[in-house]
Amino acid sequence: MAVELCLLLLLLFCGSTVSEVQPIYKPPPGTLDFGFVPSKTYDTGAYHEPGPIGILFKIVHAFLYLVQPNPFPQDLIRKVAQQKFGNTQGDYQKPENVVLTLQAIYYEIGFIVSAALGLLFILLLPLVGLCFCMCRCCDNCGGEMHQRQKKNADCQRSCFATFLFVASLIISIGVLCAYAANQHLTSQVRGAKKLVNSNFKDLKVFLNDTPAQIDYLVSQYNTTKDKALSDLNNVGPLLGSRVQEQLGKEVRPALDAALTMAGAIRETKEALENVSVSVEVLQEGTERLHANLTDVKMHLSNTLNDSACSAAQAASTCNIIRNSLNQLNINANFSGLPGVSSQLAKVNDVLKIDLSSLVQKGYAAFNDTPDLVVNQTKNILSDIKNVLESIGSNISSFTKTLPVQKILADLTIYLTQSEAYVQDYFPLVEQYDFYRWLGCLILCCMVVLIVVFYYLGLLCGTCGYDKHASPTTRGCISNTGGNFLMAGVGFSFLFSWVLMIVVVLTFVTGGNVEKLVCEPFEDKTLFKVLDTPYLLNQQWKNYLSGMLFKNPNINLTFEKVYSDCKENKGIYTSLHLEHLFNINEFLNISMYTEDVALRIEHIQINLSKIILLDEIGKENLLNFSSSGIDGINFGAYLTEINKSVTKVDLLSFANDLEARADQLPKGALENALKGHANNIRMIHNQQVVPLEQAMKYVKARSTLNQSIRLLKRTSSELMVKVKNVISAVNAAQLLINNNASLVIVQETKKYMDTIVGYFEQYIDWVKESIAMEVAACKPIANVIDTAVDIFLCSYVTDSVNTFWFGLGGSSIFLIPAIIFAVKLSKYYRRMDTEDVYDDSSVSGTWHFTL
């Protein structure tokens with residue numbers, strides 16, 4: 001009934017979890033946080049710490065190991081359980097049954113031998129006592145009240161007293177162990193009520209907590225739905241941005257190239273303007289210098305044509321000077337450079353159309369992709385949201401159709417009735433335990449009575465003994481001690497067999513329970529025996545599954561169920577309730593996501609309205625490529641830029657001219673040449689130096705150099721570059737117009753996987769929660785542990801075994817105690833006759849004095 005109850009409970013919670021099955025996300029977004037399934041802490045700690053008496057328990061376990069060192073006989077128990085004895089008279093004589101019997105005897109040989117010795121004790125000790133009494137009545141066996149004098153009498157008396165004291169001490173320890181075990185069992189039975197109530201409380205928590213856990217699982221569908229709705233509301237940033245990102249791999253480089261080319265056009269215009277202005281500045285400076293040098297050269301030539309140069313002394317010098325006049329000329333002639341006005345005019349025409357603005361429009365149109373996606377998916381997304389809402393409604397409706405509350409109510413009623421039954425009968429258990437306690441106490445008192453007589457006999461005999469008194473004149477106290485000892489012997493014969501009967505019965509029972517139940521339960525070998533196919537029911541391979549599901553072929557074992565519950569796994573997993581109520585059928589992702597996926601797949605996004613660069617922009621690029629900048633003679637410009645201002649250093653020329661003038665005779669010719677030298681120095685200082693160092697000309701030369709080089713780079717394969725840019729733009733536009741659908745399909749699939757992934761994650765979480773957290777069956781394992789490990793083994797079996805161990809030890813040591821007490825009593829009791837030595841009589845003759 002209890003198992004069916006647990007099964008129904010699991011079924012109930014499973015059903016509701018199933019219904020709540022929903023979204024989860026695996027791939028793109030991130031892991032959804034569903035929180036923790038609410039669960040309460042169970043109060044029962046299925047572990048018992050016996051305390052100080054645990055030392056005695058361990059000693060008893062060690063003794064039982066000595067008596068029965070054989071391992072747990074799994075195969076023997078299986079074979080014995082599967083055999084049917086007693087159906088016919090010849091069953092016991094069958095060879096296989098004889099073999100099993102011999103194996104059982106071999107396993108139990110330790111208990112059998114010990115029990116046989118106990119039975120001998122039970123049979124022989126009363127018989128020996130009877131014979132001993134009859135013998136003493138005939139004044140034999142120490143019954144004659146006469147003690148012979150011996151030289152070592154004092155030594156014998158001391159030894160007998162010591163041995164009797166040691167035996168009594170051991171008996172006392174044994175009876176204390178038995179009494180402690182008896183008290184421990186009673187205290188544990190009285191305290192078991194709290195443990196039982198704790199188990200019932202945990203079972204109630206187990207039942208009452210399950211609906212809340214189910215409701216939590218159902219409620220977490222909203223987490224999935226909210227995340228899915230959030231993604232749907234952000235379809236532009238999510239889906240649109242993904243599409244844009246994929247297309248941008250082709251589109252953005254093309255637009256960047258076009259924008260770069262637009263910048264190159266503006267730079268080309270600036271460079272052409274700089275060339276034109278710089279050439280004008282440099283032309284102005286070099287033309288003025290050229291005019292001055294020409295004038296100086298003409299005047300110098302006229303001077304050299306003077307008749308003074310015809311003289312023999314001056315002719316040679318004048319010829320040298322005349323031959324060097326060609327050096328007085330400018331070197332860098334910027335006036336001969338070709339103009340760039342036509343190229344500049346064409347570039348200005350190109351710039352009348354703002355290519356950068358056209359490219360920026362292309363950027364803007366492409367960046368509007370997310371908005372296009374939002375606008376074109378409004379209707380479909382609205383339908384998907386409606387589907388999500390309907391799924392939540394279906395889940396709630398399905399959950400309400402399950403008879404959860406009814407099943408839980410029935411289980412709670414059954415549990416309450418069981419608890420009431422236990423509570424009603426617990427006083428009866430305590431009453432019977434009181435009778436047991438009283439009986440065990442009486443047995444302990446029997447031993448205590450015997451020990452008390454021995455202790456009193458030792459005390460009185462030792463204290464009242466007078467070594468100077470003769471056996472017939474011993475004191476009253478000494479005589480009383482001897483009588484106490486004999487009283488102890490008498491009670492030993494009367495009680496010992498009764499004690500041994502109890503010891504043998506509890507030993508055989510408690511020892512076998514420890515060996516055949518408690519130890520195999522602790523290492524779970526007992527469950528392996530119970531899980532043996534066809535053992536408990538010859539028609540069923542697996543008994544537990546046959547009882548629960550009426551299907552014995554399901555691999556459901558006691559060991560696995562107990563281990564899973566011990567680990568606090570969900571009852572659905574522990575009992576394999578999928579064979580009764582398969583939640584996977586209800587957690588099928590397709591039944592919830594098919595409509596969602598279908599609608600997402602039908603998303604159609606048209607991006608043909610995106611124009612990256614219109615025909616005007618492309619025409620503008622072509623016009624730029626034909627602007628003629630590639631026809632500029634860059635070499636001529638660079639050559640003139642790199643030339644010096646004049647062909648010769650004017651200062652050196654002037655110094656040289658003055659030096660040659662000094663070679664001429666003093667006169668007008670010399671003075672005229674020196675005057676020309678000074679003029680040349682003046683031209684150098686006033687015109688050459690500014691051309692070389694003045695900021696205006698330096699900047700003009702530098703600007704011209706940079707601009708020419710920029711134009712050279714820009715014009716290099718300009719037509720090819722422009723065509724490549726146009727081709728890239730056309731390819732990107734073609735991708736958007738014709739092939740964007742493939743990208744959209746791919747990204748829509750990823751987007752759909754993201755949405756569906758939320759459902760999958762939710763379902764996986766529900767399955768994991770059902771398996772590990774919902775209706776965790778730790779209380780069931782606690783009930784088993786409480787019943788077997790704690791109550792049967794720790795409370796009852798350990799206490800019973802310790803009781804017979806202490807009582808049995810006391811009973812065994814009664815035998816030497818009887819012997820020593822009988823021997824010792826002779827030295828304490830007052831004798832009727834004694835041996836007396838008479839000095840007047842014949843030497844060596846003894847007389848008896850009455």
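The first residue of the sequence shown is numbered 1, and numbering continues consecutively from there.
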Is any side-chain heavy atom of [X] less than 4.5 Å from a side-chain heavy atom of [Y]?
X: Leu556; Y: Tyr543; value: no
X: Phe493; Y: Ile818; value: yes
X: Val529; Y: Phe72; value: yes
X: Val451; Y: Val175; value: no
X: Phe803; Y: Val502; value: yes
X: Asp531; Y: Asn542; value: no
X: Phe434; Y: Thr186; value: no
X: Asp789; Y: Phe521; value: yes

Residues, nucleotides or ligands: over 12 heavy atoms within 6.0 Å of [X] [atom1]:
X: Lys524; atom1: NZ; value: yes
X: Lys823; atom1: NZ; value: no
X: Phe111; atom1: CZ; value: yes
X: Phe813; atom1: CZ; value: no
X: Leu66; atom1: CG; value: yes
X: Gln423; atom1: CD; value: yes

Discussion item. Can you list everything that forms a side-chain hydrogen bond (donor to acceptor under 3.5 Å, both in side chains) with Asp523? Sequence neighbours excluded, please.
Written reply: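 With sequence neighbours excluded, Asp523 shows a side-chain hydrogen bond (donor to acceptor under 3.5 Å, both in side chains) to Thr525, given in chain and number order.
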Side-chain donor-acceptor contact under 3.5 Å, [X] with [Y]:
X: Ser545; Y: Asn551; answer: no
X: Tyr435; Y: Gln431; answer: yes
X: Ser492; Y: Tyr454; answer: yes
X: Asp798; Y: His61; answer: yes

Practice prompt. Using salt bridge (charged side-chain N to carboxylate O under 4.0 Å, His left out) as the criterion, list what pairs up with Lys778, not counting sequence neighbours.
Written response: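 Lys778 satisfies salt bridge (charged side-chain N to carboxylate O under 4.0 Å, His left out) with no other residue.
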Discussion item. Is the ring pair His184/Phe57 parallel, tilted or perpendicular, if the boundaries are 30 and 60 degrees?
Written reply: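 Answer is perpendicular, since the angle exceeds 60°.
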Worksheet item: When the ring planes of Tyr795 and Phe791 are compared, do they come out parallel, tilted or perpendicular, using 30° and 60° as the limits?
Response: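 If you compare the ring of Tyr795 with that of Phe791, the planes turn out perpendicular.
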Minimal non-hydrogen separation, [X] against [Y], with atom names:
X: Cys177; Y: Thr802; answer: O-CG2, 4.1 Å
X: Trp497; Y: Ile122; answer: CB-O, 3.8 Å
X: Val822; Y: Met486; answer: CA-SD, 4.2 Å
X: Ile53; Y: Ala180; answer: CD1-O, 3.8 Å
X: Gly482; Y: Ser825; answer: O-CB, 3.8 Å
X: Phe121; Y: Ser496; answer: CE2-O, 3.5 Å

Worksheet item: Quick one: do Lys204 and Glu419 make a salt bridge, cutoff under 4.0 Å?
Response: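 Yes, this pair counts.
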Discussion item. Salt bridge check, Asp75 against Arg78: does any charged N sit closer than 4.0 Å to a carboxylate O?
Written reply: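 Answer for the salt bridge query: yes.
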Worksheet item: Are Ser172 and Tyr455 close enough, and set up right, to give a side chain to side chain donor-acceptor pair (under 3.5 Å), and what steps lead you there?
Response: CA-CA 10 Å; Ser172 301; Tyr455 282 135; 2.8 Å; yes
Practice prompt. Decide yes or no on side chain to side chain donor-acceptor pair (under 3.5 Å) for Tyr562 and Asp785, but give the supporting numbers first.
Written response: CA-CA 10 Å; Tyr562 174 77; Asp785 288 339; 2.4 Å; yes
Which distance, rounded to the nearest 0.5 Å, do you find between the [atom1] of [X] and the [atom2] of [Y]?
X: Leu117; Y: Leu124; atom1: CG; atom2: CG; value: 10.5 Å
X: Cys460; Y: Asn483; atom1: SG; atom2: CG; value: 10.0 Å
X: Tyr421; Y: Asp424; atom1: OH; atom2: CG; value: 9.5 Å

